[in-house]
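First comes the structure, then the notes that go with it.
Convention: sequence-line order gives letters A, B, ...; per-chain numbering from 1. Computed from a prediction, not measured in an experiment: that's the story for all the values here.
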2 protein chains.
Amino acid sequence: MRSKKSRATSVDIAHRAGVSQATVSRVLRGSPLVNPETRQRVLDAVRELNYKVDHRASSLRTQRSGTLALLLFEDPTPDESHINPFFLSMLGSITRACAKHGHDLLVSFQQLSDDWHADYEDSMKADGLILLGYGDYVTYHSKLEQLVGQGTHFVRWGAVQEGQPGVSIGCDNFKGGQLVGEHLIERGRKKVAFLGNASAHSPEFFERYRGCDAALQRAGGGMQADLQVDAESEEKAGYAAAVSLLERGRPFDAVFAASDLIAVGAMRALTEHGRHVPWDVAVVGFDDIPMARFANPPLTTVAQDTVRAGELLVETLLRQVRGEATEAVMLPPELVVRRSSGAV
Amino acid sequence: MRSKKSRATSVDIAHRAGVSQATVSRVLRGSPLVNPETRQRVLDAVRELNYKVDHRASSLRTQRSGTLALLLFEDPTPDESHINPFFLSMLGSITRACAKHGHDLLVSFQQLSDDWHADYEDSMKADGLILLGYGDYVTYHSKLEQLVGQGTHFVRWGAVQEGQPGVSIGCDNFKGGQLVGEHLIERGRKKVAFLGNASAHSPEFFERYRGCDAALQRAGGGMQADLQVDAESEEKAGYAAAVSLLERGRPFDAVFAASDLIAVGAMRALTEHGRHVPWDVAVVGFDDIPMARFANPPLTTVAQDTVRAGELLVETLLRQVRGEATEAVMLPPELVVRRSSGAV
DNA sequence: CTGAAAGCGCTTACAG
DNA sequence: CTGAAAGCGCTTACAG
């Protein structure tokens with residue numbers, strides 16, 4: 001919107017360049033059906049009047065918005081509190097990937113309870129949806145089915161598993177858990193506690209748990225139910241979980257936290273309760289958020305490739321929008337060893 | 001976009017409800033000029049066909065998009081690297097504030113070098129722009145003037161100072177620097193090094209520097225030019241700056257880092273070079289990013305109220321879009337004392 | 001290679 | 001309270 005004279009339209013350009021409005025549109029869309037000289041006259045007029053195509057009009061006409069919407073779910077922490085740093089870095093890489101593909105990104109935080117399934121694409125604000133966030137998978141499921149039923153284009157970041165509505169991109173969480181298990185065994189740890197929800201409601205955490213268990217089993221051990229404590233992915237929850245683990249009084253020499261945020265909280269609790277990390281207890285997290293390097297001691301963790309993830313999400317969604325076939329992908333995790341799991 | 005039958009339009013609803021398309025529109029816009037019974041019939045049809053107003057069409061017609069665009073600048077780190085956590089949390093609070101005001105948020109990362117001044121609002125994708133990011137203020141300035149000249153609606157997060165194009169919301173950086181200076185003096189520190197650019201190119205950092213200087217002066221001292229080292233807001237830059245400070249061989253008993261990221265890097269360098277924080281050197285940062293609490297030792301810093309900042313930015317911009325008067329605001333900073341500046 | 005015309009899906013004076 | 005009509009600013013067959 002201009003303050004004085006209203007903004008130039010393609011008609012103004014046509015007038016100035018002495019052509020029809022249709023020709024202006026052809027030039028701006030890069031149609032080859034335009035005489036080079038005509039094209040130049042139009043381009044000159046465009047520059048002189050500082051003209052920009054009205055995105056709403058073109059999108060209304062073409063039925064393509066060139067916009068993707070990112071819906072970020074966060075259930076537990078309604079307001080104030082900080083967003084999970086892992087999602088923040090996903091947000092960063094998704095934004096970059098969108099730009100790279102010439103698309104705009106609409107960002108929106110959602111409560112899982114909201115009626116989100118019926119918004120952005122339905123209002124034609126976006127060509128497709130990217131769904132991101134932990135969330136109770138069971139609740140989630142029916143909404144996803146609704147999306148599929150509506151023919152909405154979407155991709156989801158999260159657990160990649162059978163019988164799931166829509167296309168998912170996710171980390172190979174089982175593999176990640178395995179890497180952790182193998183690492184702990186190598187360091188001589190046997191009794192591994194798990195901090196995080198380990199049930200079908202949180203399939204990502206559960207896979208991490210199962211992967212670690214598989215690795216321990218191969219070494220003749222296994223995860224113990226009495227060493228598992230539920231926790232959402234928050235520092236405070238990690239602290240609380242570690243405290244209640246200690247209260248149980250069962251011996252353990254390692255903690256596998258389902259996320260770095262949990263791990264950081266757990267390390268604080270352990271230290272405050274006189275357990276030395278890593279001498280008494282090795283601690284390993286998941287995600288490799290920026291904070292992990294700076295934790296005290298620096299946190300061993302499993303890195304997820306957020307840059308690749310962002311690109312894959314965007315590319316997959318765009319392919320879907322174009323009507324091409326798409327498939328689920330699991331990204332390989334990578335173990336990052338730091339001092340929190342140091343040798344005994 | 002639906003997979004099978006194409007999506008319902010207001011004409012379909014009109015047909016089903018036995019009214020004119022105009023009436024459907026009136027109902028959906030909440031016009032009082034509709035008979036309650038008619039309204040109900042329309043609403044029923046809307047529900048049955050799962051109809052949603054096409055946002056592009058309505059926005060084209062009303063000339064209001066209900067969308068704000070956030071342009072995030074990051075000059076030094078072109079790709080890969082992580083976005084400054086401080087901006088990430090601003091992003092979070094801006095997104096929340098937008099939702100609260102019923103607006104959508106378009107997010108875009110920009111290189112300062114890009115031709116950004118001419119994009120989102122010009123394409124009518126957004127009603128206004130929020131500008132966020134450190135950046136060389138001198139380069140910046142002329143682009144801002146262009147925006148003002150074009151009559152573009154925008155607010156900027158950053159230094160609040162005289163003769164600046166457009167409306168700015170920012171932290172009271174001078175005051176923040178003062179708090180740091182007073183705190184250090186109270187802890188018996190005299191020779192305060194400053195890590196960060198201290199010139200008109202980085203007015204935010206410069207104000208922090210000047211504020212600290214003012215506090216020291218009041219105590220009979222002052223900042224020393226030979227204890228100032230340039231640094232962008234990055235952990236690596238902080239590390240490098242601290243190393244070159246040490247190499248100068250001038251005595252100092254405190255470091256005021258222009259940002260937490262710089263402080264974290266500096267603490268690593270100091271520790272590696274045998275200086276104990278805080279015994280030998282007190283370290284103070286700025287921003288209070290999540291990482292600050294978990295740094296080793298936990299970092300004393302100046303907190304900026306990002307939640308309030310986000311709301312203020314959105315409210316101010318919306319007021320501007322509505323043609324109301326707006327003004328610059330400086331938010332009060334708050335000192336957060338942790339162990340990195342612990343008593344001698 | 002170019003123009004006239006229809007139409008994307010809404011909103012809103014204008015009549016009644 | 002309601003309908004018919006114009007128009008927001010584009011894109012794209014359809015003719016030529």
Side-chain angles (χ1 to χ4, degrees), chain A residues 1-2 5-43 45-46 49-67 120-127, chain B residues 1-2 5-43 45-46 49-67 120-127:
Chain A
M1 242 182 259
R2 294 291 163 278
K5 48 198 168 178
S6 63
R7 104 194 210 102
T9 70
S10 57
V11 174
D12 300 325
I13 303 298
H15 193 78
R16 187 173 189 108
V19 297
S20 76
Q21 182 269 332
T23 297
V24 173
S25 183
R26 286 198 190 90
V27 170
L28 263 20
R29 297 239 99 201
S31 161
L33 307 173
V34 185
N35 180 304
E37 282 176 24
T38 312
R39 177 189 310 281
Q40 196 51 55
R41 278 215 311 288
V42 170
L43 257 19
V46 164
L49 297 188
N50 192 228
Y51 169 72
K52 287 285 180 318
V53 173
D54 185 323
H55 175 257
R56 299 168 309 192
S58 70
S59 135
L60 177 59
R61 188 54 239 242
T62 59
Q63 299 293 66
R64 277 286 174 83
S65 69
T67 302
Y120 286 86
E121 228 213 18
D122 284 345
S123 308
M124 307 306 273
K125 289 173 182 170
D127 296 331
Chain B
M1 245 182 255
R2 295 290 163 276
K5 45 197 170 176
S6 63
R7 108 195 207 99
T9 70
S10 56
V11 175
D12 300 326
I13 302 299
H15 193 77
R16 187 171 190 109
V19 297
S20 74
Q21 183 269 333
T23 297
V24 173
S25 183
R26 286 199 190 89
V27 170
L28 263 20
R29 296 239 101 201
S31 162
L33 307 174
V34 186
N35 180 304
E37 283 176 25
T38 312
R39 177 189 308 281
Q40 197 50 54
R41 278 216 311 289
V42 170
L43 257 19
V46 164
L49 297 187
N50 191 227
Y51 169 74
K52 287 285 182 314
V53 173
D54 185 323
H55 176 256
R56 298 168 310 191
S58 70
S59 134
L60 177 58
R61 188 54 238 242
T62 59
Q63 299 293 64
R64 277 286 173 83
S65 69
T67 301
Y120 286 85
E121 227 213 21
D122 285 345
S123 307
M124 305 306 272
K125 289 173 182 170
D127 297 330

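Among the nucleotides C:dT2, D:dC10, C:dG9, the one closest to any side-chain atom of A:T23 is C:dT2.
As judged by a 4.0 angstrom heavy-atom cut-off over every strand, B:S25 is placed among the base-contacting residues. A:V11 comes within 4.0 angstrom of no nucleic acid atom, judged by non-hydrogen atoms across all strands. Among the heavy atoms of the strands lying under 4.0 Å from A:T38 are primed sugar atoms or P, OP1, OP2 only; no base atom is included.
An OP1 or OP2 oxygen of D:dA5 is reached within less than 4.0 angstrom by no side-chain nitrogen or oxygen of B:Q21. Regarding contacts with the backbone of C:dA4, every side-chain N or O of A:S20 stays at 4.0 angstrom or more from both OP1 and OP2. Note on A:Q63: a side-chain N or O is less than 4.0 Å away from OP1 or OP2 of C:dG9. The phosphate of D:dC10 (OP1 or OP2) has a side-chain N or O of A:S10 nearer than 4.0 angstrom.
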Atom pairs, protein N/O to nucleotides 13-16 of chain D N/O, distance under 3.5 Å:
unit_1 : atom_1 : unit_2 : atom_2 : d
D:dA13 : N6     : A:R26  : NH2    : 3.1

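Under the rule for a side-chain hydrogen bond (donor to acceptor under 3.5 Å, both in side chains), the partners of B:S20 that lie at least two apart in sequence or sit in another chain are B:T23.
In this structure, B:R56 atom CZ and D:dT11 atom C1' are separated by 13 Å, rounded to whole Å. Following rounding to the nearest Å, B:D12 (CG) and C:dC10 (C1') show an atom-to-atom distance of 13 Å. For the pair B:L60 CG and C:dG7 P, the computed distance is 17 Å after rounding to whole Å. Rounded to whole angstrom, the span from the CG atom of B:L49 across to the C1' atom of C:dG9 amounts to 15 Å. Nucleotide D:dT2 holds its P atom 9 Å from the CG atom of B:L33, rounded to whole Å. Distance, A:H55 NE2 to D:dC8 P: 20 Å, rounded to whole Å. A:R29 has its CZ atom 19 Å from the P atom of C:dT2, to the nearest Å.
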Inset, instruction - Both distances under 3.5 Å, Watson-Crick or G-U wobble: on that basis, could you give the dot-bracket string for DNA chain C, with [ ] for crossing pairs and | for other-strand partners? - result: |||.||||||||.|||

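Here, D:dT12 and D:dG16 have their C1' atoms 16 Å apart, quoted to the whole Å.
Under a 3.5 Å cut-off, the side chain of B:H55 and the backbone N or O of B:S65 do form a donor-acceptor pair.
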